[in-house]
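Note that these values count all heavy atoms, side chains included, but never hydrogens, waters or copies made by symmetry. No experiment lies behind these values; they were computed from the predicted model shown.
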Amino acid sequence: MLENKGSITAKICAFARAHHSYYNRDKIFDDYLAFDLLGDDEYEHMKALTKQRFSRITNQREELQQLNHFMEEYISPIPLSRICYTERKLLEFTKEHGSCQYVICGAGLDTFAFRNDNPSIEIFELDHPLTQKHKIERIKSLRWKIPENVHFVPIDFLNQRIDETLLEAGFVSDKKTFFGILGVSYYLSLDTLRDTFLSASNISSPGSLIVFDYPDDNSWKNDIGSTRIKKIKALTEELGEKMTDGFDYHDLEKALRSSEYEIVDYQSPKKIQEHYFRNRKDNLRAFENVHFITAELAK
């Protein structure tokens, strides 16, 4: 089972998407609802947390420049590129299969349910009850109407099974399903991630997909790992969320195969740079040790 992911991570990711949508003209991914869902107070709180990480500045213009640089260097590249990758894969999946289910594990402040205009996608948002309670309260305060095809499914990842919880929430096993597991593997062991794949496999029909991002096992080595991801690890630990040691591609491939998944698309850091960050004039670039995988359940 997935471990509980605190709401701070969800808010930081939403802050990154909101900041990028507002300040960047050349957008990797435009989450135009992220600021509204996060809220002005939380946006300013996340901004203050971020400002603590760079040096003291003397005026507002310099402050914005420093903030933008810090966000582009350390915070934004991973959440922006992985959500863009995932939703493009989801679009391809829905074009191929039509009606389907989209399960967002550790949904946090994801806004897809309110940006989506395809009612044939049945959306299941899984997250810890406290994180989900906060999100629903924000939705109510914004007076957003929750679409009929959206299901908020509270789950204590430490004590409940994903497959059992989804089935109780109306999940249909013989319907094609797309699982998105973003920003989660960084905090899990290989055994726990394998259990997650198995839970998805247990209730999914053949041809269903699972998409996730992960740090490789070179990430934390002094002579190989990038300075950026080490800094991200240190920052998340300061906020109470300790990252694990990363993964070897072949170990993940074996873990997926044990749950009858086959890798159908792999995005190395080099490919992520080419697809999402090529020829940019700002400081946004792919993280050197972060990878994306799409795997398909055997037909």
Side-chain angles (χ1 to χ4, degrees), residues 1-15 37-39 42 45-46 79 82-83 86 101-114 122-141 146-147 149-173 175 177-204 208 210-215 233 236-245 247 252 255-256 258-259 261:
M1 284 178 285
L2 294 170
E3 296 180 16
N4 173 28
K5 291 194 70 224
S7 61
I8 287 292
T9 297
K11 291 174 183 177
I12 288 175
C13 290
F15 173 63
L37 189 54
L38 183 62
E42 287 294 351
H45 179 56
M46 293 300 106
R82 73 186 176 204
I83 193 67
T86 300
Q101 297 171 130
Y102 178 29
V103 178
I104 310 174
C105 293
L109 294 173
D110 188 280
T111 64
F112 177 81
F114 299 94
E122 206 73 15
I123 302 165
F124 294 84
E125 292 202 12
L126 291 178
D127 217 324
H128 189 271
L130 294 178
T131 299
Q132 202 161 80
K133 180 174 182 276
H134 168 77
K135 182 173 186 175
I136 293 173
E137 287 174 351
R138 280 296 305 157
I139 291 168
K140 289 180 179 178
S141 71
I146 298 175
N149 60 322
V150 176
H151 311 270
F152 293 104
V153 185
I155 180 171
D156 180 350
F157 288 124
L158 291 173
N159 298 303
Q160 294 174 267
R161 289 184 57 86
I162 291 173
D163 46 6
E164 293 174 355
T165 302
L166 278 171
L167 289 172
E168 291 173 0
F171 183 93
V172 180
S173 289
K175 195 173 184 178
T177 302
F178 186 106
F179 274 84
I181 309 178
L182 306 182
V184 172
S185 69
Y186 303 80
Y187 306 93
L188 304 182
S189 67
L190 180 61
D191 287 342
T192 304
L193 196 55
R194 185 184 294 109
D195 289 344
T196 303
F197 299 153
L198 183 59
S199 286
S201 174
N202 284 341
I203 57 172
S204 297
S208 294
I210 191 167
V211 172
F212 63 98
D213 60 322
Y214 73 94
K233 183 179 183 181
T236 56
E237 284 192 30
E238 287 179 27
L239 297 172
E241 298 182 16
K242 184 177 176 60
M243 290 185 176
T244 52
D245 295 331
F247 303 92
L252 288 172
L256 286 162
S258 70
S259 299
Y261 282 102

Not counting sequence neighbours, which residues clear salt bridge (Lys or Arg N to Asp or Glu O under 4.0 Å) with [X]? List them please.
X    : value
E42  : K11
K135 : E125
K242 : E237
K133 : E137

Taking all atoms of both residues into account, what is the closest heavy-atom pair of [X] and [Y], and its distance?
X    : Y    : result
L37  : D110 : CD2-O, 3.9 Å
R161 : S199 : NH2-OG, 3.6 Å
T244 : L188 : OG1-O, 2.9 Å
K233 : D245 : NZ-OD1, 4.2 Å

Rounded distance (nearest 0.5 Å) linking atom OG1 of T196 with atom CD1 of I181: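 Going from the OG1 atom of T196 to the CD1 atom of I181 covers 6.0 Å.
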R138 CZ to I136 CD1 distance, which is reported to the nearest 0.5 Å: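 Answer rounded to 0.5 Å: 13.5 Å.
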For [X], all residues meeting side chain to side chain donor-acceptor pair (under 3.5 Å), sequence neighbours excluded:
X    : answer
Y186 : D213
N149 : none
N202 : D163
Q132 : none

Distance-only polar pair, side chains of T177 and Q101, donor-acceptor under 3.5 Å: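 Yes, Q101 and T177 have a side-chain donor paired with an acceptor closer than 3.5 Å.
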side-chain contact (heavy atoms from CB on, under 4.5 Å) between L190 and L252, worked out: CA-CA 8 Å; L190 180 61; L252 288 172; 4.1 Å; yes
State which residues pass side chain to side chain contact (heavy atoms under 4.5 Å, CB included) with [X]; sequence neighbours excluded, sorted by chain then number.
X    : value
S258 : R194
I146 : F114, I139, V150, F152
T165 : V153, I155, Q160
P79  : C13, A16, R82

Within-4.5 Å side-chain heavy-atom neighbours: L193 and Y214: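 Side chain of L193 against side chain of Y214, heavy atoms only: no contact under 4.5 Å found.
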Test item: I162 and F171 side chains (from C-beta on) under 4.5 Å apart, heavy atoms: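 Answer no - side chains too far apart.
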Under 3.5 Å: donor-acceptor pair, side chain of T131, backbone of G108: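 Not confirmed, T131 side chain does not pair with G108 backbone.
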Any donor-acceptor N/O pair, S259 side chain to S201 backbone, under 3.5 Å: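 Answer holds: no.
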Identified ring pair (Phe, Tyr, Trp, His ring centres under 6.0 Å) counterpart of F212 within the set F178, F179, F247, F197: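 It is F197, the one option of F178, F179, F247, F197 that forms the ring pair (Phe, Tyr, Trp, His ring centres under 6.0 Å) with F212.
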Worked verdict on I210 versus L256 for side-chain contact (heavy atoms from CB on, under 4.5 Å): CA-CA 10 Å; I210 191 167; L256 286 162; 4.3 Å; yes
T192/F157 under side-chain contact (heavy atoms from CB on, under 4.5 Å): CA gap, chis, key distance, verdict: CA-CA 11 Å; T192 304; F157 288 124; over 6 Å; no
